[in-house]
Amino acid sequence: MDILNTLSLKSNRQIKINFNGGDLSSDAGLLLIKEFAAKIGFAKLVKKIFKTDDKSIRFHKDNENLMQMLYQIISAYFEDDCADGLTSDPVFHAIPEKKSLASQPTLSRFFNRMNEDTLIQFDGIDKSLRDIIYSIKRPEHMLLVLDSTLFGTYGKQEGEGFNFHYQAHGYHPLLCYDGLAGGLLKAQLRDGTLHCSNDADKFMESLFLEYMERGIKTYLRGDSGFSSPKLYKTCEMNGCSYAIRLKQNSSLIALASDEDEDLYKASKKDQISYRATYGEFLYQAGTWEYPRRVVFKIEEPYGQLIHMHTFIVTNMDMEPYQIIQSYCGRGRMENFIKESKSGFDFAAVSSHSKVVNANRMRIHMLAYNLFNWFRRLVLPANMRKQQVNTIRLKLIKIAARAVRSARYITFKLCGSCPYKKEFYGTLENIRRLTIQLE
């Protein structure tokens, strides 16, 4: 049989290939994720909190299905039917510690059993996970970065619609990231036709309350799509300092006209060099209950005659240039969203049902967060700023052979792996973690 399955390369007849190598896996690095999840009590947390309303007695339990999907997503097997191709993989058998994996039909039924209750359970898992992580390393303050994005849809899915900002059909979810650590703190799947700021104040309120209870000062950044007086007021009532960009209008430009004129005079003899000036004023739009502080930056880009204006409404006490500088760091948000989508298939909304798609999004969000904390807490320092696809290639996609005995299963990892030092270093960092569990 080996002879029949063996092929020779035409480029070199002395090289022969077949798929009879034995009990092998290409994802041995997932054992690091398993060890990290066990160390922080993640699997026990999921088992304690997560369950659907299904009353049937099933061989594949809800919490086991969820954990299987998380490991699949982390190792880039995003689709449900990837499970069918992993049924013989020894690493995927060892990780859930059960005889067989859930198949594609089982996982699809699992997704379809989820509803609004499971979305609430995901909120509980996310918050409890932060409790665990903050027991290791508590942040002194929290930078909340608010944004939205587009999830493309296909066909007549519930809640999909044409979004004029993106000029495409899809969902328009709200996202809030930790601007310093990169964690996805909250996500809500919304109809595609909704504006960015629609119910953003209600969306953020639970996070404000959570961090107030923790005694952690919060700061919020948002682009001009979130210039809503309801959001400003919610921030002010919950002790959150904010910097949110305003859309340019004639009133704002008129209030900054003195600094604008000074900049023109300063550049009269040299209209090529870059120049910028900063300022502030009190401003009250027609929909605002009272005036608020607005800081601005006027700049003359290199080689241009036209001035560019940036206006930010804020309740911070910092100097205008400091607030503008802090706001400009918001560009990292796009990198977080890009990694969520490309690295974790975050925008996978393949179901007709909107609530099922919302639950799918939350599972991918959970995988993103678990991996993000793994990266930040236990990876070697030289790998902590690398993207997930790079880390997968280096530490997850490692070939291994499974050797079974009566009592043990030994994974013999690829001897020529160039990242053995990082693998052992990560394992040692996991063992050194000091966790405060209930």
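In this chain, numbering begins with 1 at the start of the sequence shown. Because the structure is a prediction, the values reported are computed rather than measured. Just so you know, these numbers use all the heavy atoms, side chains as well, and skip hydrogens, waters and symmetry mates.
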Can you check whether Leu377 reaches Phe36 side chain to side chain, under 4.5 Å on heavy atoms? yes
From CA spacing to verdict: side chain to side chain donor-acceptor pair (under 3.5 Å), Tyr71, Asp27: CA-CA 10 Å; Tyr71 285 119; Asp27 296 283; over 6 Å; no
Derivation and outcome, side chain to side chain contact (heavy atoms under 4.5 Å, CB included), residues Met333 and Asp223: CA-CA 11 Å; Met333 179 72 170; Asp223 64 20; over 6 Å; no
Under the 3.5 angstrom rule, does the side chain of Arg392 hit a backbone N or O of Gly343 as a donor-acceptor pair? yes
Can any side-chain N or O of Asn198 pair as donor or acceptor with the backbone N or O of Leu194 at less than 3.5 Å? no
Give a yes or no on whether the backbone of Gly183 and the side-chain of Asp178 come within a donor-acceptor separation of less than 3.5 Å. no
Residues Glu210 and Arg130 bridged, charged N to O under 4.0 Å: yes
Kindly assign one of parallel, tilted or perpendicular to the pair Tyr368 and Phe344, based on the angle between their ring planes and the thresholds 30° and 60°. perpendicular
Evaluate the side chain to side chain donor-acceptor pair (under 3.5 Å) criterion for residues Tyr274 and Glu300: first the C-alpha distance (whole Å), next the side-chain angles of each, then the deciding distance (0.1 Å), finally the verdict. CA-CA 6 Å; Tyr274 174 86; Glu300 181 183 318; over 6 Å; no
Which word best sums up how the rings of Phe311 and Phe296 line up, parallel for under 30°, tilted for 30 to 60°, or perpendicular for over 60°? tilted
Is there a donor-acceptor pair under 3.5 Å between the side chain of Lys412 and the backbone N or O of Val403? no
If we check ring pair (Phe, Tyr, Trp, His ring centres under 6.0 Å) with Phe346, which of these qualifies: Phe151, Phe336, Tyr171? Phe151
What heavy-atom pair brings Ala28 and Ala400 nearest, and what distance separates the two atoms? CB-CB, 3.5 Å
Looking at Asp126 and Lys186, is any side-chain nitrogen of the basic one under 4.0 Å from a carboxylate oxygen of the acidic one? no
Taking Lys354's backbone N and O only, do any of them form a donor-acceptor pair with Glu158's side chain (distance below 3.5 Å, no angle check)? yes
Which of Thr118, Asp62, Asn359, Asp53 passes side-chain hydrogen bond (donor to acceptor under 3.5 Å, both in side chains) with Arg113? It is Asp62
Ring centroid separation for Tyr232 and Tyr242, is it under 6.0 angstrom? yes
Parallel, tilted or perpendicular: which one describes the rings of Tyr211 and Tyr134, with boundaries at 30° and 60°? tilted
Before you tell me yes or no, could you show the steps for Asn357 and Gln157 under side chain to side chain contact (heavy atoms under 4.5 Å, CB included), namely the whole-Å CA-CA distance, both residues' side-chain angles and the distance that decides it to 0.1 Å? CA-CA 10 Å; Asn357 285 327; Gln157 293 168 266; 3.6 Å; yes
Looking at side-chain heavy atoms only, is the closest gap between Arg190 and Ser148 below 4.5 Å? yes
Is Arg384 reaching over with its side chain to a backbone N or O of Leu379, donor-acceptor style, under 3.5 angstrom? yes
Using the side chain to side chain contact (heavy atoms under 4.5 Å, CB included) rule, take Arg362 and Leu119 through it: C-alpha gap first, then chi angles, then the decisive distance, then the call. CA-CA 8 Å; Arg362 295 302 297 272; Leu119 288 175; 3.7 Å; yes
So, Asn163 side chain and Tyr166 main chain: donor-acceptor pair closer than 3.5 Å or not? yes
Are the charged groups of Glu35 and Lys39 less than 4.0 angstrom apart, N to O? no
Salt bridge or not for Glu339 and Arg375, using N-O below 4.0 Å? yes
Parallel, tilted or perpendicular for Phe50 and Phe122, by the 30°/60° rule? tilted
Output yes when a side-chain donor or acceptor of His364 lies under 3.5 Å from a complementary backbone atom of Asp345, and no otherwise. yes
Below 4.0 angstrom, N of the basic side chain to O of the carboxylate: do Asp199 and Lys230 qualify? no
Any chance you could lay out the salt bridge (charged side-chain N to carboxylate O under 4.0 Å, His left out) test for Arg404 and Asp23, step after step, and finish with the verdict? CA-CA 9 Å; Arg404 304 175 190 275; Asp23 205 4; 3.1 Å; yes
